[in-house]
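Contents: one structure, followed by commentary.
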Amino acid sequence: MFSVADHDFMARALRLARRGLFTTTPNPRVGCVIVKDGTVVGEGWHRRAGEAHAEVYALEAAGTSARDATAYVTLEPCKHQGRTPPCVDALIGAGVARVVAAMRDPDPRVSGGGLAALTAAGIAAQCGLMETEAAELNAGFVSRILRGRPWVRLKLAASLDGKTALGNGRSQWITGAAARRDAHRWRARACAILSGIGTIRADDPRLNVRDVATERQPLKVVVDSRLELSPDARVLADGRLLLASAAANGANADALRRRGVELLHLPDGAGRVDLAALMAELGRRGINELHVEGGCWLNGALLRAGLADELLLYLAPCLIGHAARGLFDWPELESLDGRRRLSIRDLRRVGDDLRVLARIDPENSR
């Protein structure tokens, strides 16, 4: 169905899409390559929301050479008027002969309709080339559209015996500088960074992107059931902060509001924050990827609630001992049948540490 050349050009479009890794939120990352007679005549990628889509940039670069050409695009072209005009109309107007899309757009305003509109205009429209790669690049966007919540990635740093901190809470630094710098790249691609009040009190983090260049700072989100966050905490120093609490009000509430904190009252009926409701709220706010840097309690709660999708785990070549703190608050199992299954998606060395990217099996099958 698809030729070797088709694969090569779509791979090029995917590389272009990755250039928007840190900037396109809440929009998907999309790349487009225009090819005529085996030669690339135009290419582009979506840079940020409100600006032109990938197809428009590619068509502008191609000019009149776009007529009778093939457009390779990593996501089905849109057919609705949003902040920018429909890309389907641009492709039809340019006179392209063929459009190859990596995946359908999950947005119900588009899904299948863009391809159908192209076909109705006499353009050969195909879909499914390198679909898995395209979906991985936009896992957060797909999650938000189809599940109504972000793609949730738990970032963890531990010793080889699986400990994240000493018994007294000290954890800086288990991993090396290279691993911490790499973790900031993952922060930069996320739409929001989530932590819990325990981590805020123990480490007083800033929860911002520092070690890599970025055009924007992710939204900061803190889970704080009893509204205990100090108005002097470093997390308030820069950037927007959303605080989810189970308390309707508290001694700190007014002081936090004066510092610009937005308070969300999301009780679960047991004195804790309703994490599912928080994820739904973040989805409504256009959060595609949520980067979690919490302690064992928050990590365990997200995992038990079925709200964690992926682990980004840095393992340091050291041992801390059984009395130190672990990765998850997790009930003791009586049988290995109850273990949570993971699939390793990537394993590599970063400085002196190992980085493991593991997908959580939602079915928990053995």
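- More than 12 heavy atoms of other residues, nucleotides or ligands shown are found within 6.0 angstrom of CZ on R234.
- Between L354 atom CG and L313 atom CG the span is 9.0 Å, to the nearest 0.5 Å.
- Put simply, CD on Q217 and CG on L207 are 10.5 Å apart, with the number rounded to the nearest 0.5 Å.
- How far CG of D274 is from CG of D268: 6.0 Å, rounded to the nearest 0.5 Å.
- Using a 4.5 Å heavy-atom cutoff, the side chains of P108 and I145 are in contact.
- Of the possible polar contacts, one joining the H265 side chain to the A246 backbone as a donor-acceptor pair under 3.5 Å is found.
- Expressed to the nearest 0.5 Å, how far CG of L91 lies from CG of L59 amounts to 5.0 Å.
- Connection of V30 to W45 is not established within any shared hydrophobic cluster, with ILVMFWY side chains joined at heavy-atom distances below 4.5 Å, either directly or through further cluster members.
- In this structure, A11 and M130 approach most closely via the heavy-atom pair N-SD, 3.7 Å.
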R189 vs E289, test: side-chain contact (heavy atoms from CB on, under 4.5 Å). Steps then yes/no.
CA-CA 8 Å; R189 67 176 281 172; E289 289 187 19; 2.9 Å; yes
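- Nearest heavy-atom pair, V142 versus M103, reported as atom, atom and distance to 0.1 Å: CG2-CE, 3.9 Å.
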Please assess V35 against V41 for the test side-chain contact (heavy atoms from CB on, under 4.5 Å), listing each intermediate value before the final yes or no.
CA-CA 6 Å; V35 178; V41 294; over 6 Å; no
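- Cluster membership for L118 and I34, using ILVMFWY side-chain heavy atoms within less than 4.5 angstrom, is shared.
- Side-chain atoms of K155 and W186, non-hydrogen and from C-beta on, never get closer than 4.5 Å to each other.
- Side-chain atoms of T24 and N27 form no donor-acceptor pair, as typed in the model, at a separation below 3.5 Å.
- Other residues, nucleotides and ligands contribute at most 12 non-hydrogen atoms within 6.0 Å of the CZ atom of R226.
- Note on L312 and L303: separate hydrophobic clusters, where clusters join Ile, Leu, Val, Met, Phe, Trp and Tyr whose side-chain heavy atoms are under 4.5 Å apart, directly or indirectly.
- Between P26 and F141, the closest side-chain pair of non-hydrogen atoms is not below 4.5 Å.
- Under the 4.5 Å side-chain heavy-atom criterion for grouping Ile, Leu, Val, Met, Phe, Trp and Tyr, L160 is connected to I344 within one hydrophobic cluster.
- Counting heavy atoms from C-beta outward, L256 and D254 have side chains that stay 4.5 Å or more apart.
- Shown are R153, E293, M279; of these, the side-chain contact (heavy atoms from CB on, under 4.5 Å) with L194 is made only by M279.
- The backbone N or O of A237 sits nowhere less than 3.5 Å from a side-chain atom of R206 that would complete a donor-acceptor pair.
- In plain terms, the two heavy atoms of P150 and D309 that are nearest each other are O-OD2, 3.9 Å.
- T39 and D37 share no side-chain donor-acceptor pair at under 3.5 Å.
- A donor-acceptor contact shorter than 3.5 Å is absent between the side chain of R48 and the backbone of H46.
- For CZ of R147, the number of neighbouring non-hydrogen atoms (other residues, nucleotides, ligands) closer than 6.0 Å is greater than 12.
- Between the side chains of R144 and N288, at least one donor-acceptor pair of N or O atoms lies under 3.5 Å.
- Classification of R359 and D346 as a salt-bridged pair fails, no side-chain N sitting under 4.0 Å from a carboxylate O.
- Side chain of R216 to backbone of F22: a donor-acceptor contact under 3.5 angstrom is found.
- Taking each heavy atom of S195 and L298 in turn, the nearest pair found is C-CD2, 3.7 Å.
- Residues E310 and R345 are not paired through a salt bridge, judged by the lack of any N-O separation under 4.0 Å between the basic side chain and the carboxylate.
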Chi angles and distances behind the salt bridge (Lys or Arg N to Asp or Glu O under 4.0 Å) call for K220, D238:
CA-CA 10 Å; K220 301 175 185 181; D238 55 69; 3.3 Å; yes
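- Hydrophobic clustering (ILVMFWY, side-chain heavy atoms < 4.5 Å, transitive): L282 and V222 are in distinct clusters.
- Proximity of a side-chain donor or acceptor of T23 to a complementary backbone N or O of R47 within less than 3.5 Å is detected.
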Pair E228, R201 - check side-chain contact (heavy atoms from CB on, under 4.5 Å), show working.
CA-CA 9 Å; E228 298 174 317; R201 281 198 304 245; 2.7 Å; yes
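- In this structure, CG in L227 is found 9.0 Å from CD1 in I197, a value given to the nearest 0.5 Å.
- Side-chain contact between R98 and V96 is absent, with no heavy atoms from C-beta onward closer than 4.5 Å.
- S111 places a side-chain N or O within donor-acceptor distance of the main-chain N or O of D105, the cut-off being under 3.5 Å.
- Heavy atoms of other residues, nucleotides or ligands lying less than 6.0 angstrom from CG of D352 number 12 at most.
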side-chain contact (heavy atoms from CB on, under 4.5 Å) between Y314 and D182: does it pass, once the steps are laid out?
CA-CA 10 Å; Y314 296 88; D182 185 72; 2.6 Å; yes
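- When side chains are defined from C-beta on, C78 counts as touching C87, because their heavy atoms get closer than 4.5 Å.
- Of all non-hydrogen atoms in L16 and G44, the two that sit nearest each other are CD1-O, 3.9 Å.
- Proximity of R257 to L263: side-chain heavy atoms (C-beta onward) are separated by under 4.5 Å at one or more points.
- With contacts defined as side-chain heavy-atom distances shorter than 4.5 Å, the pair E76/V110 qualifies.
- For the pair R180 and W173, the cation-pi test (distance below 6.0 Å, angle within 45°) is passed.
- Relative ring orientation between F9 and Y72 is described as tilted, the plane-to-plane angle lying within the 30° to 60° band.
- The backbone N or O of P205 sits nowhere less than 3.5 Å from a side-chain atom of D203 that would complete a donor-acceptor pair.
- The main-chain N or O of L137 is found under 3.5 Å from a side-chain atom of R29 such that the two form a donor-acceptor pair.
- Without hydrogens or angle criteria, S159 side chain to K163 main chain gives a donor-acceptor distance under 3.5 Å.
- In this structure, the separation between CG on L275 and CG on L307 is 6.5 Å, given to the nearest 0.5 Å.
- Nearest heavy atoms, S225 versus R272: OG-CA, 3.6 Å.
- Of the possible polar contacts, one joining the N252 side chain to the L229 backbone as a donor-acceptor pair under 3.5 Å is found.
- Within 6.0 Å of the CZ atom in R18, the count of heavy atoms belonging to other residues, nucleotides or ligands does not exceed 12.
- Looking at R240 and E262, no side-chain N of the basic residue comes within less than 4.0 Å of a carboxylate O on the acidic one, giving no salt bridge.
- Ion pairing between R149 and E281 fails under the 4.0 Å rule for side-chain N and carboxylate O.
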